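Just so it is clear, the model here is predicted, and its values are computed rather than measured. Labels below follow one simple rule: chain letters A, B, ... track the order of the sequence lines, proteins then strands, and each chain is numbered from 1.
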Amino acid sequence: MLIPHYLHQLKLCARNRTLTTAKSLHAQIVKLGIAQCSPLANTLVNVYGKCGSASHALQLFDEMPQRDHIAWASVLTALNQANLSGKTLSVFTSSNGLRPDDFVYSALVKACANLGTIKHGKQVHGNFIVSEYSHDDVVKSSLVDMYAKCDLVDSAKAVFDSIRVKNTISWTAMVSGFAKSGRKEEALELFRRIPVKNLYSWTALISGFVQSGKGLEAFSVFIEMRREKVDILDPLVLSSIVGACANLAASIAGRQVHGLVIALGFDSCVFISNALIDMYAKCSDVVAAKDIFSRMRHRDVVSWTSLIVGMAQHGQAENAMALYDDMVSHGVKPNEVTFVGLIYACSHVGFVAKGRELFQSMTKDYKIRPSLQHYTCLLDLLGRSGLLDEAENLIHSMPFPPDEPTWAALLSACKRQGQGQMGVRIADYLLSSFKPKDPSTYILLSNIYASASLWGKVSEARRKLGDMEVRKDPGYSSVEVRKETEVFYAGETSHPLKHEIFGLLKEFEEEMRRRKGYVPDTSWILHDMDEQEKEKLLFWHSERSAVAYGLLKAVQGTPIRIVKNLRVCGDCHVVLKHISEITEREIIVRDATRYHHFKGGKCSCNDFW
DNA sequence: TTAGGGTTAG
């Protein structure tokens with residue numbers, strides 16, 4: 001009677017993740033001398049895994065005099081659950097020829113999925129196919145998940161089609177694969193065919209859409225889910241939908257979702273609070289982000305990092321540094337994302353020594369290998385501070401081939417520092433052998449050639465940009481005024497308030513020309529047309545109409561918040577600085593890559609974008 | 001004993 005009793009108690013521990021109770025039960029089992037009973041030992045391994053203690057599971061496994069397939073499957077699963085899938089594969093390899101059963105196959109496939117090692121994954125799949133378990137639907141479900149996680153959605157679909165009895169789990173794995181890879185129609189079609197949907201299926205579709213940048217689609221599915229009255233028993237879907245608000249910079253929707261989070265009682269969940277910090281920061285409301293952070297009772301590295309990155313992006317470098325010191329003194333270890341934020345902050349205020357120090361500390365104190373992004377951030381910092389040779393040396397010494405943002409960082413540094421010769425040398429290389437894909441790189445190239453009077457090359461850069469223009473999205477900006485969002489497209493002249501908007505912008509332009517010596521910088525327009533036409537295009541850039549509308553309609557004294565799909569051009573950047581000074585209003589613009597807080601004639605990006 | 005959904009950069 002003792003053994004069934006302990007098995008029952010241990011299963012309760014596994015369900016409730018109570019490690020202390022598991023340890024005390026383990027001690028009693030040892031004292032009673034029944035620890036060698038293999039169902040008990042295997043269940044203990046399993047419980048330790050579920051409670052997140054891989055070391056206990058592994059120790060127990062090592063001490064087993066005999067190991068059956070259940071023991072192997074339990075320890076491999078425990079290692080997967082503790083996020084140690086590398087160890088899963090090495091423990092299996094050390095088995096010296098264990099023939100996997102269906103359970104072991106599942107654990108191995110999951111390990112490959114977690115690690116993203118498709119080479120191993122295909123090997124395991126091959127062995128599975130020729131094994132006596134080759135018809136097992138559970139293993140096939142994990143294979144669907146593995147291929148989906150490794151971006152081989154068609155392979156996932158092939159395995160999915162071979163599953164004889166599909167259940168909600170296998171359907172969900174496939175829906176998740178399609179949604180994450182941006183295959184919207186297939187994801188939706190498959191989702192509609194799921195006979196019994198649960199919260200996992202809805203979450204898979206919604207989060208997949210968010211991850212593939214389809215925030216609006218995610219929202220419409222979420223609304224449908226609410227309409228269907230699906231019980232939100234756990235908060236995972238909420239963190240995804242908060243993320244959708246963040247990516248869309250949809251602050252009104254974001255606040256509503258925040259309200260829902262509170263109403264459902266998930267506001268003390270760390271994951272959700274982290275997502276909310278990020279959402280408020282991305283909606284340019286750093287005060288609200290700080291408020292969420294300060295109310296949290298438990299914070300993890302993502303909580304600290306989200307706020308540090310938010311501050312860095314909004315030009316609050318000193319605050320970001322102070323928060324980092326605070327984080328370290330709280331004993332929280334920074335991760336690779338923390339350092340991206342910190343070095344980014346340094347580059348915006350020109351803290352060269354601090355940036356170099358952080359870059360070194362990352363490797364020395366925290367054993368984090370710098371990624372290409374860390375190098376690009378450091379390169380930005382060096383280039384911006386005029387240390388162009390050091391920046392170029394860094395490009396040659398880094399252990400990665402430089403990508404387009406890296407070259408763009410060096411090029412824009414050359415332009416800013418007036419290093420025409422170096423700029424032309426790099427531009428020549430890019431144009432002849434690199435094949436940039438970002439239109440803004442061609443604008444940069446064209447500007448560099450123009451300042452060196454190399455007109456032939458200017459037109460070559462323009463021609464290449466022209467070739468890709470067909471695919472370019474039309475520019476638009478949105479502005480939120482009194483809980484309503486108004487969208488303006490570039491060149492749009494059909495708005496009901498067009499006369500008021502035109503009048504206000506004309507007034508600003510005249511004042512800027514008279515008092516600030518403003519001359520429109522038409523080098524940002526690369527179409528072939530006369531100067532007057534170019535100035536007209538600049539005048540109707542969507543962010544200007546949006547700002548004018550905001551100034552006409554928003555509550556006096558409140559900041560004007562703009563979200564733009566493309567990057568703000570250099571001329572609009574100058575104009576918005578002037579407008580913020582003339583009107584004494586704060587204008588906050590989130591463009592495709594950066595945040596700009598215009599206030600009193602200055603911008604938080606320090607004219608670096 | 002095995003399979004599905006979540007947060008920070010870009």
Name the nucleic acid region contacted by A:Ser170, choosing base, sugar-phosphate or nothing; use a 4.0 angstrom heavy-atom cut-off, strictly under.
nothing
Interatomic distance, A:Met279 CE vs B:dT7 P [rounded to whole Å]:
15 Å
Would you please confirm or rule out a distance under 4.0 Å between OP1 or OP2 of B:dT1 and any side-chain N or O of A:Lys50?
no
I want to check one thing: is the phosphate of B:dA9, taken as OP1 and OP2, less than 4.0 Å away from some side-chain N or O of A:Lys282?
yes
Among B:dT2, B:dA9, B:dG4, the one nearest A:Tyr200 by side-chain distance
B:dG4
If you check the A:Gln313 side chain, which of B:dT7, B:dG4, B:dG10 turns out closest?
B:dG10
Using the ring pair (Phe, Tyr, Trp, His ring centres under 6.0 Å) definition, which of the options A:Trp407, A:Phe359, A:Phe339 pairs with A:Tyr375?
A:Phe359
Once you apply a heavy-atom cut-off of 4.0 Å, does A:Ala107 come out as touching a base, just sugar-phosphate, or nothing?
nothing
Under 6.0 Å between ring centres, would you say that holds for A:Phe293 and A:Trp304?
yes
Can you find a donor-acceptor N/O pair under 3.5 angstrom joining the side chain of A:Ser141 to the base of B:dA3?
yes
From B:dG4, B:dT1, B:dT8, pick the nucleotide closest to the side chain of A:Ala73?
B:dT1
Taking any heavy-atom pair under 4.0 Å as a contact, classify A:Lys11: base, sugar-phosphate, or nothing.
sugar-phosphate
Within residues 221-244 of chain A, residues whose heavy atoms come under 4.0 Å of DNA chain B
A:Asp234, A:Leu236, A:Ser239, A:Ser240
Spacing between A:Asn42 atom CG and B:dT2 atom C1', to the nearest angstrom
14 Å
Quick note, A:Ala275 side chain, CB onward, closest among B:dT1, B:dG10, B:dT7 is B:dT7
So what does A:Lys197 touch, heavy atoms closer than 4.0 Å: a base, only the sugar-phosphate, or nothing?
nothing
Would A:Lys184 and A:Phe209 count as a cation-pi pair here, with the cationic atom under 6.0 angstrom from the ring centre and within 45° of the axis?
no
Does any N or O donor sit under 3.5 Å from an N or O acceptor when you compare the side chain of A:Asp137 with the base of B:dA3?
no
Carboxylate-amine/guanidinium proximity below 4.0 Å for A:Lys157 and A:Asp161:
yes
Which nucleotide in the list B:dA3, B:dT2, B:dA9 gets nearest to the side chain of A:Gln373?
B:dA9
When you measure from the side chain of A:Ser306 to the backbone N and O of A:Val302, does any donor-acceptor pair fall under 3.5 Å?
yes
Flag this pair as yes if the NZ/CZ of A:Lys333 is under 6.0 angstrom from the six-membered ring centre of A:Tyr366 and inside a 45 degree cone about the axis; otherwise no.
no
Compute the ring centroids of A:Phe222 and A:Trp202, then answer whether they are less than 6.0 Å apart.
no
Mind checking A:Lys140 for me? I need base, sugar-phosphate or nothing, with any heavy atom below 4.0 Å counting as a touch.
nothing
Counting side-chain heavy atoms from C-beta on, which of B:dA3, B:dG10, B:dG4 comes nearest to A:Ser201?
B:dG4
Does B:dT7 have A:Phe271 stacked on its base, where the ring centres are within less than 5.5 Å and the planes differ by under 30°?
no
Could you tell me the separation between the CG atom of A:Leu10 and the C1' atom of B:dT1, rounded to a whole number of Å?
14 Å
May I ask you to say what A:Asp102 touches in the nucleic acid, namely base, sugar-phosphate or nothing, with a heavy-atom cut-off under 4.0 Å?
base
At 4.0 Å (heavy atoms only), tell me whether A:Ser306 reaches a base, stays on the sugar-phosphate, or touches nothing.
sugar-phosphate
Does A:Gln211 put a side-chain nitrogen or oxygen below 4.0 Å from OP1 or OP2 of B:dG5?
no
Base, sugar-phosphate, or nothing: which does A:Asn335 touch, judged by heavy atoms less than 4.0 Å apart?
base
If you only use heavy atoms from C-beta on, which nucleotide in B:dG5, B:dG4, B:dT7 is closest to the side chain of A:Asn274?
B:dT7
Atom CG of A:Leu378 and atom P of B:dA9 are separated, to the nearest Å, by 20 Å
Compute the ring centroids of A:Phe61 and A:Trp72, then answer whether they are less than 6.0 Å apart.
yes
With a 4.0 Å cut-off on heavy atoms, is A:Val138 in touch with a base, just the backbone sugar-phosphate, or nothing at all?
base
From C-beta outward on A:Ser207, which listed nucleotide comes closest to its side chain: B:dG4, B:dA9, B:dG5?
B:dG5
Which part of the nucleic acid, if any, lies within contact of A:Asp300, taking any heavy atom under 4.0 Å across all strands shown: a base, the sugar-phosphate backbone alone, or nothing?
nothing
Which part of the nucleic acid, if any, lies within reach of A:Gln81 when heavy atoms closer than 4.0 Å are counted: base, sugar-phosphate only, or nothing?
nothing
Are there more than 12 heavy atoms of other residues, nucleotides or ligands under 6.0 Å from atom CD of A:Glu63?
yes
